[in-house]
Each structure stands twice: as structure tokens, then as C-alpha cells.
> 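Below are the C-alpha cells for one structure; questions will follow.
Fair warning: this is a prediction, and the values are worked out from it, not measured in the lab. Every number for a ligand or one of its atoms is a count from 1 in the order of the listing.
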Amino acid sequence: MDICAIVMAAGDGKRMKSAHSKVVHQVAGKPIVKWVYDALCEAGCEEQVYIVGDKQEEIRDVLGEGVAYVFQEKRLGTGHAVMQAEPFLEGRGGYVIVLPGDSPMVSAGTIEKALKSMEEGDFAAVVITASAADPTGYGRVVRDEKGNVLRIVEHRDCNEDELKIREINSSMYVFKTSLLLSALGRLSAQNAQKEYYLTDTIDILIKDGGVVGSVICDFEDTLGVNDRYQLMQASKIINKRILRKHMMNGVEIVDEDNTWIHSAVEIGRDTIILPGTRLMGNTIIGEDCIIGENTRLDGVQVGNGTVIDMSVATESIIGSDCRIGPFSHIRPGTLIKDHVTIGAYVEIKSSEIDEYTRARHLTYIGDSKVGKNVNFGCGTVTCNFDGVDKVGCTIEDNVFIGGNSNILASVVLGHDSYIAAGSTINKDVPALGLGIARSQQENKPDWVAKKNRLRGANYIKLDTRRSEV
Ligand code: UD1
Ligand code: CA
């Protein structure tokens, strides 16, 4: 069967009050129009034409050159939008699916149902409809006494009886291509909005003697995003669907209202996701991990059995059986191997950390290569700027770094060496050696008494009245 799709995405999206095209706003980490594209691909429809307007570049950036684009110069309505694709449709047989570009909830299942109904019923068109609790603003589906679709009337053109109809037009359809072409040529803009309505093609097809079928789906699946509130609603609904999918796959999610997971994320079974966690981009998490609470991972790959608590990680790889956090910051380009411990207020950037290494507190590791079983004392800093470039240091296996040490750019700490606490190391330290770089301490006996500087117990009393704080 010859099937193609037209997606209407030229609207200004005025109600979004945005500098960007409405359909490139993201829902669960994916642009709205990409949801539509993916649903069409999943339903087996690869040949897609997008009707685009002034902000077409943004849509092209999202969808690339695998689909066709037609520019609609003036937005004269949904019928006019589809007319722009006439040259593409001419001479084609089969069916054409028409979808709005602003409906991220459209599913392959709904599209497949409409195609199936089209084939079985030999219809001129099939309209996808839904029952709305509040149909305000939507086109209403008018049926005859036998229940057959007669026409679609836009809200603004409805009479009193039609306003009471709760069945709405989703703006998703399948048409016989040749019949759609013949109906488009006869549309007029004689209506409340002076626009060419695509919905009027239904009336025309029926007057031509055709029968129009319908597929009724959940109202949620038809939800369009016209403003920021609907964007939030769509995000919530899609997020809950994503969470449910993971739960059905064996992931434990403690609080569905406070967990956000992007559509491309993968999670292994028996992993627990605690509240306040956001998993973004193409994050992949293994089995038996505990993530959260209050953790954000963006484009991070995590092995099995790793715990990440109250931490932020971006574009990095974290191995198996690691302990990360609380309050760790793993920045892009970091590779952490298995059994590594990264603790509170530790920041790592573009560095490689080998197995069993520990940096438990207050440490910065940048652009460096760290071996196995290294211990970072509290307050270690790799001073990864040589005055011109960012250059880290090399720390070989089994090195022990005492607290509050600075390791300067390019320095190599040889394997099994020790760094004395409080050192600023600016020369290589040989393997199995000790590096110590600090001034000698001098003690002055009885200095306090001599200088009359005894502090005693003169405690300062805090004023705890709120207004004074
Ligand atoms: C449309 C339907 C209405 C349906 C509702 C469902 C018509 C006349 N009405 O109304 O029956 O209940 O969707 O959400 O079709 N677009 C263009 N070019 C244009 C005009 C619109 O590309 O000239 C695109 C928009 O970007 C949007 C889609 O078509 O993605 C729908 O347009 P919109 O103005 O949102 O239609 P509604 O008033 O919501
Ligand atoms: Ca709309």
C-alpha cells in the first residue's frame, strides 16, 4: 500500500509567546514534532512532508533531510496548509495520513488503527476523534441518526446544539489520496475565521457520495500543545507513560510525581530511582543501581550496582559498583571505572579514574589521568591550568595523596608514591617515593601568656530573633 504523511507545522504558535517554533519545544527531552515523526515511522510511514512556516530552519534542524518540506507563505488555515503539498500528492494513489505537528501524544497504534479501518471500511477518509470533558475550542464531530460521520464544525461556527457535542476532531486523519486532492480544490474560506478549513473536506467527500469512518481514541492521545500550560500537561502525561514503561520492565520508581525521565533513557532491572531524580538525554543505567534522591544525570552511562546520591553528572561514563555522592559533580568527558568512590563536594572534569580509587571529600580533578587504588585526601586540587592551556596531571596506581594538596599541571606522580599533606607539588614524584612541599613549622612556647592573648570563655551570644537575622 502506498502511504505518505503530511504534517501541518507552519502555524505561528503565538500562544507559546516564544521566539522559537512551537513544535521544537521539548517534551520528555524530545521536540514535539519529533514525537510526531517517530510515531509515523513506527507506524511504517517513512515518506513524510512537513508544512513549515517562517521558523522552518528549527524544524529542519530537528528532522534533517530525510523528510520533505513545503513552505507555506501565508497561514490561511489547515486546508490551505495541506494544499501546499498538492504537487507532492498529485499522481499518487493509496492513502495519505494528515497530522498536526503540535500533538506529541499521537501514537503509532492510533495511526495504525486508522489505516486498518480505512482498508476494512473502504472509506473516503477516517477521522480520529475523542470524547472531551470540555470540548471548548475544538471542532465537533456531527453524526447522523445511524451514527455515521456527517461533517466537522469548528467551535466558532457551531450552533447551540453542535456546541453540546463532546466528540471532538483530533485533527488527525487518513484520506484516500485522490479524493483528498479533489476535495482540496473545492475548499472555500466562508467561515467565522475566514480560513480554508481542512475539516470542510469531510463534508465535501460525503456530498460526493463517500463514506467517512472514524477511530475513537483517548482524549489524552489527541492533546495538542498550543501554550506553555499544555506543554506542561503533555510533559506530565508522557513522563508518566515513560515511568510506567520502566516500572513494567522491573525498575523501581518510588514517586511518579517527582521523577522525570527522558524518552531515550534506558534502565536495567532492580534499579531503584528515588524522588527528585531527573534522567536526561541518552542516559543508560545498568541493573541493581540506586539513583537519587535529587540526582540529575544527563547523557550518562552507568554500570551495575552503582549508587548515585544527590549528585549531578553530565556526558560521562560511570562504572559498576561505584559510590557517588552525596553532592558530587561529574562534568563532561569523565570516565570512572568500577569500584570507585566519589564523595561530597568532589568535582571531576574530563578525567579518567581507574578502579578502586577514592576521592571522598572536597576535591577537584580536571583533565587528569588517575590510576587504580589512588587515595585523594580531603581538599586535593589538580591545578589544571599551566598559564596557557588546561593540562591535568598523571597519577599512577596506588598513590596516596595527603589532605589539602595541590598537584600542578603536567606533573606525574609515580606509582605507589605518597604526597605529604599540605603539599603543593610542582615536580614529578618518583615511583615509591614521598613528595613533600611545604614550609617548616615553627612553635613559639608561651606566646599566648607573653602577649596577653588568652581568649578564655567569653562566648558570643547569638541574637536569634528572626527580624535581626
Ligand atoms: C484544528 C481543527 C479542529 C480540531 C483541532 C484539534 C481545523 C480547521 N480545525 O483546530 O477541528 O479540533 O485542530 O487540535 O482544522 N497550521 C498550518 N498552517 C495554517 C494553519 C495551521 O500549518 O495555515 C498547523 C498548525 O501549526 C498546527 C495545525 O496546523 O500544527 C493545527 O492548526 P491550529 O490552528 O492549531 O488548529 P486548531 O484551531 O487547533
Ligand atoms: Ca491546535
> Taking a cutoff of less than 4.0 Å between a non-hydrogen atom of the residue and any ligand atom, is G224 in contact with ligand 1?
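The answer is no: ligand 1 sits nowhere under 4.0 Å from a heavy atom of G224.
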> For D218, enumerate each residue passing the side chain to side chain donor-acceptor pair (under 3.5 Å) test, keeping only those at least two apart in sequence or located in another chain.
none
> Pick whichever of A81, G137, G77 has a heavy atom sitting closest to atom 20 (C) of ligand 1.
G77
> Decide whether N226 and K22 meet the rule of one side-chain donor and one side-chain acceptor closer than 3.5 Å.
yes
> Heavy-atom distance to atom 17 (C) of ligand 1: which of Q72, H80, K22 wins?
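The nearest heavy atom belongs to Q72.
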> Distance under 4.0 Å to a non-hydrogen atom of T199: what atoms of ligand 1 satisfy this?
7 (C), 8 (C), 11 (O), 15 (O)
> Compare all side-chain heavy atoms of F123 with those of S117 and state whether any distance is below 4.5 angstrom.
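In short, these two side chains touch, coming nearer than 4.5 Å.
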> Short list, please: which atoms of ligand 1 are under 4.0 Å from a heavy atom of S170?
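Atoms satisfying the 4.0 Å criterion: 6 (C).
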> Can you check whether G11 has an N/O within less than 3.5 Å of an N/O in ligand 1?
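Yes; the residue has a nitrogen or oxygen that sits under 3.5 Å from a nitrogen or oxygen of the ligand.
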> Measuring only between side-chain heavy atoms, which start at C-beta, is M105 closer than 4.5 Å to R241?
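SC-SC contact between M105 and R241 confirmed.
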> Who are the side chain to side chain donor-acceptor pair (under 3.5 Å) partners of S178, not counting sequence neighbours?
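Once residues adjacent in sequence are excluded, S178 has no partner under the side chain to side chain donor-acceptor pair (under 3.5 Å) criterion.
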> Looking just at side-chain N and O atoms, do T382 and N384 make a donor-acceptor pair shorter than 3.5 Å?
no
> Could you establish whether L76 and ligand 1 come within less than 4.0 Å of each other, counting only heavy atoms on the residue side?
yes
> Could you tell me, atom by atom, which parts of ligand 1 come under 4.0 Å of a heavy atom of G101?
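Result: 30 (O).
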> At a 4.0 Å threshold, what atoms of ligand 1 neighbour a non-hydrogen atom of R75?
18 (N), 19 (C), 23 (O)
> For T78, counting its heavy atoms only, list the atoms of ligand 1 lying under 4.0 Å from any of them.
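Contacts of ligand 1 toward T78, numbered from 1: 7 (C), 8 (C), 15 (O), 20 (C), 21 (C), 29 (O), 31 (C), 32 (O).
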> Considering distance alone, does some N or O of L198 sit under 3.5 Å from an N or O of ligand 1?
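No.
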> Would E195 and H80 count as having a side-chain donor-acceptor pair, cut-off 3.5 Å?
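Looking only at side-chain atoms, H80 and E195 do not form any donor-acceptor pair under 3.5 Å.
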> Short list, please: which atoms of ligand 1 are under 4.0 Å from a heavy atom of N169?
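With N169 as reference, the close atoms of ligand 1 come out as 2 (C), 3 (C), 4 (C), 5 (C), 6 (C), 11 (O), 12 (O).
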> Does any N/O atom on G139 come nearer than 3.5 Å to any N/O atom on ligand 1?
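In this structure, G139 places an N or O atom under 3.5 Å from an N or O of ligand 1.
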> Going by atom types alone, do Q193 and Y197 pair a side-chain donor with an acceptor below 3.5 Å?
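Present: a donor and an acceptor within the cut-off.
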> Consider ligand 1: state whether an atom of it lies below 4.0 angstrom from any non-hydrogen atom of E154.
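Yes.
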> Using a distance-only test with no angle check, is there a side-chain donor-acceptor pair under 3.5 angstrom linking E167 and T129?
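On atom types as modelled, these side chains qualify, holding a pair under 3.5 Å.
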